[in-house]
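Quick note on labels: first sequence line is chain A, next is B, and so on, each numbered from 1.
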2 protein chains.
Amino acid sequence: MTPTRIKLDRGRGALGPALELVHTGRAPTRAVLTTELGVTRATAGAVATELQALGLITVDPRPHAASGAQGRPSHRLDIAADGPVVLAAQVHADGYRVALVGLGGRIVATAPACMTVDADPARIIGDAVAAGAELLRTTGRRCLGAGLAVPSAVAEPEGTALNPLHVAWPAGAPVHDIFRDCLTEAGVGVPGRCGNDVNLAALAEHRHGAGQGSHHLLCVATGHRGVGGALVLDGRLHTGSAGLALEVGHLIVDPAGRACHCGARGCLDVETDPLALLETAGVTPDPARSPLDQARALLAGDHPEAAAVTEAVAQLVDRLGQGLAAMVNVLNPDRIILGGLHQSLLAAAPDRLRSVVADRSLWGRSGSVPILPCSLGHNSLVGAAELAWQPVLDDPATALSAP
Amino acid sequence: MTPTRIKLDRGRGALGPALELVHTGRAPTRAVLTTELGVTRATAGAVATELQALGLITVDPRPHAASGAQGRPSHRLDIAADGPVVLAAQVHADGYRVALVGLGGRIVATAPACMTVDADPARIIGDAVAAGAELLRTTGRRCLGAGLAVPSAVAEPEGTALNPLHVAWPAGAPVHDIFRDCLTEAGVGVPGRCGNDVNLAALAEHRHGAGQGSHHLLCVATGHRGVGGALVLDGRLHTGSAGLALEVGHLIVDPAGRACHCGARGCLDVETDPLALLETAGVTPDPARSPLDQARALLAGDHPEAAAVTEAVAQLVDRLGQGLAAMVNVLNPDRIILGGLHQSLLAAAPDRLRSVVADRSLWGRSGSVPILPCSLGHNSLVGAAELAWQPVLDDPATALSAP
DNA sequence: TCACTTTGTGCAGCCGTGAAACAAATCCGG
DNA sequence: CCGGATTTGTTTCACGGCTGCACAAAGTGA
């Protein structure tokens, strides 16, 4: 009995970083893989061969376009079109959304978005997972993991959803356990992980969107109600010691502002959300429509009193700028990405917002941080997929051999 | 010509982590080194031998006290008493302070603290370095690096001191270059690095003081004027993308508060510094004495109107708690350490401070973060030494062979 | 067509670690 | 006092992951 094990020893340690480079689109060829990883061509070649053997990427021997450079053209590395996927789900106030997502953040298949409001987290998560399992059956793709985005802070390491303002859930819902149980029940035998939607959106934007290349990315977004923040440090989500970091909704941005349920006055949360825009512009909210939609309609010019809207926008932008400046002073990010209504406010008055942030932050230099809008559709969903991909990116060989 | 190189190959990769464990006092014996590093006894033994060969540690073959446990007693690992040192300097409003610091944060030699105020950063840093060079001459110790703590944010990567409020320097002083030039001039042929004093104090507390074991350590301190903050993430100082993070002095903690030079009202900076305490207690500051000393005298009971002092303390504690709560919501630390006047305020009204932070932070859980006083003397100085030790901790072999 | 440049691959070898066997030092129970 | 039991330190061997080098391959440009 010979102890002959197959010797695929070349480039196992660099496998994870290499896959991450391909995943984030920073390694189109073996040549750049060599320089980006800081290894020799031999190792990079072995890594590419290994990733190919695992079915994660394909190598296209045709020249990588006409690069115009001298020398032998490099082969293109592509994400395998029929490679494995992960199950990504997002739960929000109006229902849920499910998709299968491949490497590179590519949405491979989507179930029709479901619109319901359910006070029972187990039921809505169960429905979402069932829809995802159905997608897996019809497409026949191999599934390596599952991720869930919820509109609430998720406490680590217990995985309970704290203060889910935007859904009718009880506080402290054990979403992580529920998600895992639903996966088991639906016959999807993969581990599941949960995260806050804004956190996951930031992660997605960092890897595939407007945050690419940033080392200290701050992301702030308003959804239907409430403000969420996220910080991506050197490619990793910073969730604090217990998953509760970047709860920026209660920074005080207007000493004389509205009363907030937290007890203070003028919190970012109540000063820069859709309802605040409607109120300030003198519009009575229509309870039948989502405040975010109504606010966006206002910004799109759908209002007789344009002057009132302009003034309201100016006020919200000032408040938002004040809050962003506080975060800039504390976190010193190199880029800020805004989502939800904040993204619309940025579009409506970009110069004003940037100058407020610059004036209010301590050092001119850190105040000149670029402020950009989100660039991905469904970024929370893609972020949930990132959560599921993470174990594979950390150690592709074992993640693919395990099940 | 035989290519016989000496084969001291065992345990080179784990050398840095091992030294860090010894440095922070977490590896008293080879046995715990084995478990802490997660390597085999063979590797741990080789690492210890290598560190000994480098002259950084000594092995005491006598039993490590009477541990009471069964089995063969482990040998003690000690930091070499005559090992190399680094030059640490601290510049503050009243002058400078210099010391030679060994591994483990042990101050090996100190020059008498110098009390001068000089508007020229080159002169005072030059004096400090010269005093340090003299210490090196008299003690004859080998010097591996130099660190400087300044009372101002230090922009990375240029190394300029921004807004040095507490010394009479011009803004934008290139402290890093000045420090390097002074070292060269004084004949100390080692690289020098600069950092903010509160940042470095936090680093020192994390490695040798009240912050040991923390993964998300927040440190806030008031010196003579102004508030500084620092964050130590997983043992590494988080200075943001440009070295300007944790500039927490201008968080708004009292909407109706004092006007601040930054343009806003009620900034943490002006609401919780020594002058604020004196003013609130109705004491006219004596320009001949430092405000911090006067404030501390007040807290020590040196005042006829005790009730006024108690009330002033309560007010400052409330403001401080508000500011800390904002930081807790943004950063979610697992421990908070207070220095300077804030440390004294904590001592004067610990329960009140803790309850304000808990009430004001969003989730009760993150609000229950422990708040502790600094536990090291001269923590900025020791922190400056940590800065100088860092290259050695990262790669002991090359750091010691280079010069 | 012949340099020249850049990319991919095969081969030897080294460096750092783990596994296992062995030796050493102490406690414990007789 | 002596022989396990237990834990620690050392020695030896093997092996995985990488580098360095030589060479082949595939383009560009005079």
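- Comparing atom distances between the A:T40 side chain and each of D:dT19, C:dA19, D:dG27 picks out D:dT19 as nearest.
- Between A:T43 and D:dT19, a side-chain N or O to OP1/OP2 separation shorter than 4.0 Å is present.
- If you measure from atom CD of A:E36 to atom P of C:dT7, you get 13 Å, rounded to the nearest angstrom.
- A:H216 and B:H238 have tilted rings, their planes meeting at an angle from 30° to 60° on a 0 to 90° scale.
- Dashed line: the shortest gap from a side-chain N or O of A:S74 to OP1 or OP2 of C:dG8 is under 4.0 Å.
- Going from atom CG of B:D60 over to atom P of D:dT8 covers 17 Å, rounded to whole Å.
- Relative orientation of the B:H208 and B:H23 rings is perpendicular, given thresholds of 30° and 60° on the angle between their planes.
- Here B:R30 reaches the OP1 or OP2 of D:dT10: one of its side-chain N or O atoms lies under 4.0 Å away.
- Mapping A:R41 and A:G38 onto DNA chain D via the closest heavy atom, the residue that lands nearer the 5' end is A:G38.
- The 12-atom threshold is exceeded at CZ of A:R26, counting heavy atoms of other residues, nucleotides or ligands nearer than 6.0 Å.
- For the pair B:L37 CG and D:dT8 P, the interatomic distance rounds to 15 Å; values are reported in whole Å.
- In this structure, a donor-acceptor pair under 3.5 Å is present between the side chains of B:T40 and B:T43.
- A straight line from CZ of A:R76 to C1' of D:dA26 spans 18 Å, rounded to a whole angstrom.
- Atom P of nucleotide D:dG16 and atom CG of A:L15 are separated by 16 Å, given to the nearest angstrom.
- Regarding B:Q70, its CD atom lies at a distance of 16 Å from the C1' atom of C:dA24, rounded to whole Å.
- Not one side-chain nitrogen or oxygen of B:R72 sits closer than 4.0 Å to the OP1 or OP2 atom of C:dA23.
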